[in-house]
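Everything quoted here is computed from the prediction, not taken from an experiment. Throughout, protein chains are lettered first and strands after them, A, B, ... in sequence-line order, and every chain is numbered starting at 1.
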Amino acid sequence: MQQDNQQFFSTELLDWYGHAKRDLPWRRHRDPYFIWVSEIMLQQTRVDTVIPYFHRFIEKFPTIEALAQAPEDEVLKCWEGLGYYSRARNLQAAAKQVTELHGGAIPDDLNAVSALKGVGPYTRGSIMSIAFNRPVPAVDGNVMRVLSRFFLIEEDIVKVSTRKSMEVLAEALIPEGRASDFNQALMELGALVCTPKSPHCLTCPVMQHCQGRIAGMETQLPVKTKAKKPRPEYRLAALIEGSGAEAGRVLVQQRPQAGLLARMWELPHILAAAENPAGGAGLADEPAMDRLTQALAAEGHYAQPQGLYMEAEHTFSHIHWNLRVYRFRQSPELGALAALGAVAESSAEYELAASEKDAPLKTRWINQADMEQLAFPNVFLKILKQYFDGGIPQ
DNA sequence: AATCCGGGGCC
DNA sequence: GGCCCAGGATT
């Protein structure tokens, strides 16, 4: 029974994939390096988003060796806007592993591939199967959705135990010698037909024996506990315009080695309030600029506030930033006064956001051309582009 | 097992 | 403008 169902599923799916598969850049070659890069980019990210990044990345780093030898800044810049930046750093670290341990070629070996930085159970399976046609399951969110529905599995896909049992099932489904096409077919079905909200059952190649559809439960599967909402944070950022030798430039800083947006560049900012709008959204401009001025001075940046420039928001998986950006003018005079002790030392009650753990951050005065060399999270990139385009924020 | 890591698309 | 989607590392 179940055996027949599995046989049907695998055969029909493979047949469907033969004519329905999309023409994707990384499917045009058999180069394991291309497969690997695409699979890392595709983690938590849609195909349409990845395609332009993939082209740029391969053009800039055509081989594993080129990637291994590149300056990390350039790798990060190439990843700018794609998110989850540890993927980029791990990818380059793994390229060095491959260069040093495997002579520059991705090994056709499950354990060796597993040992690469940034490669977990899913990516290990996708590389082994797609690049080397080895019968290793590659279970991602798409695959869990498809299997949940077809086999009417009501286990919570958020649980690790569920993913593991899905891997056992997915491995059993791989037809002899067809691991590469079959695993891709499974994911392709999830992406094109067995979609999250309104699956296209009428055009599905396996709908006749889909247990979820037969039970009328296709839209209730997979069972998945909801993620928590991101916690709000209210932040005050400084857009400091240089004067004198720094005229035409603005001050940016580089974030610490680890943690949120590691080693990305940003405008200096402070946490005004977590969770509490009274200290954030409800804070008037004057006290906000005051706090910011003091926090900047504590880091040796002397500037005078000019007023509110714009507001911005940025959502991470677990934090929602409400950002108010104030315009400042660099003031060497204030710095000179501070050196004479004429300006009170800041109590440093409000530290610059990213300097909470590490040594003083690297800072730079940049113009528009510099901006295009450094990697910024989208929210700061938008603010800077707006500024350098000379635009008045909306 | 729970938390930390971005960003974009859909309604 | 809220809601949904989707792997690996770390602890």
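Rounded to whole Å, atom C1' of dC5(C) lies 16 Å from atom CE of Met187(A). In this structure, Leu116(A) places its CG atom 10 Å from P of dA9(C), rounding to the nearest Å. Here the C1' atom of nucleotide dG7(C) and the CD atom of Glu39(A) are 11 Å apart, to the nearest Å. The distance from atom NE2 of His314(A) to atom P of dG1(C) is 18 Å, rounded to the nearest whole Å. Nucleotide dG8(C) holds its P atom 15 Å from the NZ atom of Lys117(A), rounded to whole Å. Taking atom CZ of residue Phe316(A) and atom P of nucleotide dG7(B), one finds them 7 Å apart after rounding to whole Å.
Here Arg178(A) pairs with Asp181(A) in a salt bridge; the nearest charged N to carboxylate O distance falls below 4.0 Å.
Here the separation of dC5(C) from dC5(B), taken at their C1' atoms, is 16 Å to the nearest Å.
Backbone-only engagement by Gln43(A) is indicated by non-hydrogen atom pairs under 4.0 Å involving sugar-phosphate atoms exclusively. No contact: Arg163(A) has no heavy atom under 4.0 Å from any strand. Backbone-only engagement by Leu261(A) is indicated by non-hydrogen atom pairs under 4.0 Å involving sugar-phosphate atoms exclusively. Within the nucleic acid shown, Thr123(A) comes within 4.0 Å of sugar-phosphate atoms alone, with no base atom in reach, counting heavy atoms only. Residue contacts for Asp140(A): at a heavy-atom cut-off of 4.0 Å it reaches the sugar-phosphate backbone alone, with no base atom in range.
A residue-by-residue look at Phe376(A) and Ser161(A) shows that Ser161(A) has its nearest nucleotide of DNA chain B further toward the 5' end. Comparing Val160(A) and Ser317(A) against DNA chain B, the residue whose closest nucleotide sits nearer the 5' end is Val160(A).
Taking each heavy atom of Trp16(A) and Ala185(A) in turn, the nearest pair found is CZ3-O, 3.8 Å. Looking at every heavy atom in both residues, Val136(A) comes nearest to Asn183(A) through O-ND2, 2.9 Å.
Annotation: proximity of residues 77-93 of chain A to DNA chain B (heavy atom, distance under 4.0 Å) is found for Gly81(A), Leu82(A), Gly83(A), Tyr84(A), Tyr85(A), numbered in ascending order.
Closest contact between the side chain of Lys228(A) and the listed nucleotides dG8(B), dT3(B), dC5(B) involves dT3(B). Nearest nucleotide to the side chain of Tyr122(A), out of dC5(B), dC4(C), dG8(C): dG8(C).
Proximity of His318(A) to the phosphate of dC5(B): a side-chain N or O atom is located under 4.0 Å from OP1 or OP2. Contact annotation: Asn378(A) side-chain N/O to dG8(B) OP1/OP2 distance is under 4.0 Å.
Remark: the Ser10(A) side chain and the Gln6(A) side chain contain no N/O donor-acceptor pair separated by less than 3.5 Å.
Scanning for salt bridge (Lys or Arg N to Asp or Glu O under 4.0 Å) contacts around Arg89(A) gives an empty result, with sequence neighbours left out.
Classified by interplanar angle (parallel below 30°, tilted 30° to 60°, perpendicular above 60°), the ring pair Phe150(A)/Phe8(A) is parallel.
In the hydrophobic clustering, Leu221(A) connects to Leu152(A), Met217(A), Val223(A), either directly or through intervening members, whenever side-chain heavy atoms lie under 4.5 Å apart.
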